[in-house]
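Just so it is clear: chains get the letters A, B, ... in the order the sequence lines come, proteins before strands, and each one is counted from 1.
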There are 2 protein chains.
Amino acid sequence: MSNDNGETPPLRDRRRAQTEQEIGEVALTLFEKQGIDGTTVDEIARLAGVSPRTFFRYFATKERAALVQHRDLEDRVESMVATMHPHGSLLPQLEAVWVEVLTAFDNGRSEPGRQLLRVRRLMRTEPTLRTTANSLDAERLEALVARLTRLTGHDDELDARVLVETVGATVRVALDSWAEAHEAGHPVDLLETYQRCRGVMHDAVRAEPVG
Amino acid sequence: MSNDNGETPPLRDRRRAQTEQEIGEVALTLFEKQGIDGTTVDEIARLAGVSPRTFFRYFATKERAALVQHRDLEDRVESMVATMHPHGSLLPQLEAVWVEVLTAFDNGRSEPGRQLLRVRRLMRTEPTLRTTANSLDAERLEALVARLTRLTGHDDELDARVLVETVGATVRVALDSWAEAHEAGHPVDLLETYQRCRGVMHDAVRAEPVG
DNA sequence: AGCCAGTATGGCAGTGGCTGCCAACGCGGC
DNA sequence: GCCGCGTTGGCAGCCACTGCCATACTGGCT
């Protein structure tokens, strides 16, 4: 039975999270070393010390295993959203949330940051991973839209959807350039990159004659 | 040998396009009727009168078969881009291209429009189709970014990428609401929906204090 | 007409992702 | 020590997808 009030989550759950991490780590490492196509689930499972059957109880597809860290990022966004003010304008608040989250990942110097960098790099050469990550992301953003719409009491999701998706797009571009730059050997600051992306979009909109 | 100067494309190619369409149509219809999971490639192939082996010579995955029409949309965007002015500002031109293309699809009243509507509806209930469509889209947009960057002579893709992706996001949202509204029984105008999305984004940016 | 080269097709066998089912197994509460 | 439940492993099977080879077709050339 799950615990809602207690201090630490029950042992079972922590154990589960633990093995999830372990499998994820093994998967990511193997993928980096030999590519996704060159890695079978059996191999990951064997190295992680579980049966293939169990692997699929943790992750629906092999790609998802490499994205454990990425989920962290999205979890943080989700919890940040709780701090938003329901009646302020959405866009600046959303942007602020992302600034907060991206800062937490500290340009790859914190442990989660390093992990994120590994994943985003791998995404650049592995189309199936990119695809999976994007669709995971899309699910999360959709959930966020639903939550924001409920929060603001709007009857229509359109506004929230447009803003969440466009901001999401700038963030994706930022993460991508960030990983690209690191890969190319001239690392850049993640937050700074995001601010540049945001700037490009804002400037372009403002420059446009009102219509 | 392929023909570059000639009137109509060579017979071989037209034939190929023909069977591609046929397989696509069969696939889409089956998917609508029994869902994607409930449909095997063998079944599609049998109904389309080709061998399964041949099916995979036309489409890399079964989902892609249902997206033939969607490719049309993207082709149009690609050819529109040729008309853009290299030194004007990007955002308004991009938006204009999309307005043009979405108008051509005429709110589902033209044949391609009807096809597009079928696909976008199906996407709402079939996650794997949504995923495939999005990644197809992403590929196309990436190609577009490369082209725009070359065209404007910039050495950095960041600007183009941000703008293409954010505009792409608004279009995606528009297509989605459009399909949703049709499904719910209160059809809306596609172009109008897009303009609303664009408006939401522009207004939000303009409302934000300069920073 | 008849031949040649390039290409489209089909069949077959194989890999591997993923699932359902059932049989242990382990752990926490009585 | 026993029970109940959640976790695991093994097995069998489905089906997406691929490589390989044999065959048929097409369009061009003499």
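- Taking atom CZ of residue B:F55 and atom C1' of nucleotide D:dC17, one finds them 11 Å apart after rounding to whole Å.
- When the nucleotides C:dC18, D:dG9, D:dC15 are ranked by their closest atom to the side chain of B:T40, D:dC15 comes out on top.
- A:Q21 and A:E25 form no side-chain donor-acceptor contact under 3.5 Å, judged by distance and modelled atom types alone.
- Atom pair A:F59:CZ and C:dT19:P shows a separation of 14 Å (rounding to whole Å applied).
- B:T39 comes within 4.0 angstrom of sugar-phosphate atoms only, judged by non-hydrogen atoms across all strands, and of no base.
- Comparing B:R16 and A:D37 by the nucleotide of DNA chain C whose heavy atom lies nearest to each, the residue mapping closer to the 5' end is B:R16.
- OP1 or OP2 of C:dA8 has not a single side-chain nitrogen or oxygen of B:Y58 nearer than 4.0 Å.
- Rounded to an integer number of Å, the gap from NZ of A:K62 to C1' of C:dT15 is 11 Å.
- Whole-Å rounding puts the B:E22 CD to C:dT9 P distance at 11 Å.
- Between the C1' atom of C:dG11 and the CZ atom of B:R46 lies a distance of 16 Å, rounded to the nearest Å.
- For the pair A:R114 and A:F105, the cation-pi test (distance below 6.0 Å, angle within 45°) is failed.
- Salt bridge status for B:R130 with A:E139: absent, with no side-chain N to carboxylate O gap under 4.0 Å.
- Between A:E43 and A:R46 no salt bridge is recorded (no basic side-chain N to carboxylate O distance below 4.0 Å).
- In this structure, A:D42 atom CG and D:dC11 atom P are separated by 13 Å, rounded to whole Å.
- Counting to the nearest Å, the P atom of C:dA23 and the CZ atom of A:R53 are 16 Å from each other.
- The separation between B:R57 atom CZ and D:dC20 atom C1' is 10 Å, rounded to whole Å.
- For A:S51, whose side chain is taken as the heavy atoms from C-beta onward, the closest listed nucleotide among C:dG10, D:dG9, D:dT18 is D:dG9.
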